[in-house]
Amino acid sequence: MVKIAVLGYGTIGSGVVEVLERNREVITKRAGEEIAVKYILDLRDFPGDPHEDLVVHDYEIIRSDPEVSVVVETMGGVEPAFTFAKAAILAGKHFATSNKALIAKHGAELIAMAQERSLNCLYGASVGGGIPIIRPLNSCLTADVIEEISGILNGTTNYMMTKMSEEGSEFDDVLHDAQAKGYAEADPTADIEGYDACRKIAILTSLVCARQVDFEEIHTEGITKITAADIRYAKAMGRRIKLLACSYRLGEQYCAIVAPYMLDESTPLYGVNGVFNAIFVKGNMLGDAMFYGSGAGKLPTASAVVADIVDIVRHKHVSITMDWKPEKVQLADYRNLTSRYFVRTTADAAAVESVFGEVSYVQAEGITGETAFVTGPMDGYAYEAAAAKLDGILQCIRVK
Ligand code: HSE
């Protein structure tokens, strides 16, 4: 029997305990032995909970218990998760986490620490919730040079954009709804400003280039400036607005961006709605592949955490190969990316054309007093230079 400790008994932590219980038989078969939760670490008590007797408040009890061979962290946030992770690995314990903030910041370091000790540090639930994407990138797509990853990596914002589009709902109402359903982060700023998606694309890009991508260097725009009017224009164009997190290989460099995009229906990500996530991957041999599924929520995320625990039990005495070194990647500036841009301005068509040349105009029912258009393909430097010469810009959204 393998004994584990779960750090944090919130949405994901309680999900991990539930998945282990509900699928005990099949999980035991696949792992090769039973997995038992010995401790649950939380600041709170849970009177009446069937597992209240497992709850401890002092991490030292877990760290110093030689029976605990796997520490599972589902608390979120960098600290104290990082301190607990290091202490677990130094005590000879494997480590699994759903925590993207921790892995985006310290993933390479924790992986190196674990590998030096023939241990594992797995983080399959940190990107895409229940969707297998970390393991495919690490173990399956090893024959390809990955040219592009474009993902809908935040369920909250995708849910919000879908609701706003389908029901004409207001931003604040759909945000409350997403929070009530347990999709949003404790502080939803991380979702709506794109910070959560930014950390996730930093993790995926790190895996693709086998080095550390600093999420602070990724240009990140959220969805807070998207209005009902933008959605009406998108509809008039047969498009949907989605928050995408993308990384591209540009020659020998990589470039990453998080921003809202207008997608048309020929794009595979167009049909990804509600809380679902999807990750589109382009390999130089594979071509296109897409990974789709539940990107947030208790049981899907817990399912990915438990899959990591099973993998750890299967690899108790050996580190699973993971090519992610602590050395840092210098990302190319996001303005090197070429895109078309949807722009709304109070300027007239003559002013628009004098700056942007030939453009396609867009009209949406009931919106007057402004000019809306889509530019030709241009890089970010050219767009910024042109936009600086045009007065009255109300909105700008990249078109994919
Ligand atoms: N807040 C995140 C989301 C949770 O909405 O996708 C999963 O990481």
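When a ligand or atom number is given, it counts from 1 through the structure's own listing order. Quick caveat, the model's predicted, so the values are computed rather than measured. Sequence positions, counted from 1, serve as the residue numbers for this chain.
- Interatomic distance, I146 CD1 to S247 OG, rounded to the nearest 0.5 Å: 9.5 Å.
- Counting the atoms of ligand 1 from 1 in the order shown, those under 4.0 Å from a heavy atom of N154 are 1 (N), 2 (C), 3 (C), 5 (O), 6 (O).
- Given atom 5 (O) of ligand 1, the protein heavy atom at minimum distance is T156 OG1, 2.6 Å.
- Between I226 and I397, some side-chain heavy-atom pair lies under the 4.5 Å cut-off.
- The main-chain N or O of L102 is never found under 3.5 Å from a side-chain atom of R199 such that the two would form a donor-acceptor pair.
- With contacts defined as side-chain heavy-atom distances shorter than 4.5 Å, the pair D333/N336 qualifies.
- Heavy-atom contacts of A296 reach the following atoms of ligand 1: 3 (C), 4 (C), 6 (O), 7 (C) (cutoff under 4.0 Å).
- Protein heavy atom in closest approach to atom 6 (O) of ligand 1: G155 N, 2.7 Å.
- The neighbour count for E216 CD, taken as heavy atoms of other residues, nucleotides or ligands under 6.0 Å away, is above 12.
- Set against the non-hydrogen atoms of K100, the atoms of ligand 1 under 4.0 Å away are 4 (C), 7 (C), 8 (O).
- Closest to atom 4 (C) of ligand 1 among all protein heavy atoms lies E185 OE2, 3.3 Å.
- Counting heavy atoms under 4.0 Å from ligand 1, residue D196 touches it through the side chain alone.
- By the criterion of a heavy-atom distance under 4.0 Å, the side chain of D191, and not its backbone, is placed next to ligand 1.
- Residue contact check for ligand 1: G129 places no non-hydrogen atom closer than 4.0 Å to it.
- Using a 3.5 Å distance cut-off with no hydrogens or angles, the side chains of K163 and N273 do not pair a donor with an acceptor.
- Cation-pi contact between K93 and F95: absent, since separation from the ring centre below 6.0 Å together with deviation from the ring axis within 45° is not met.
- Close contacts of ligand 1 with G295, meaning ligand atoms under 4.0 Å from a residue heavy atom, involve 7 (C).
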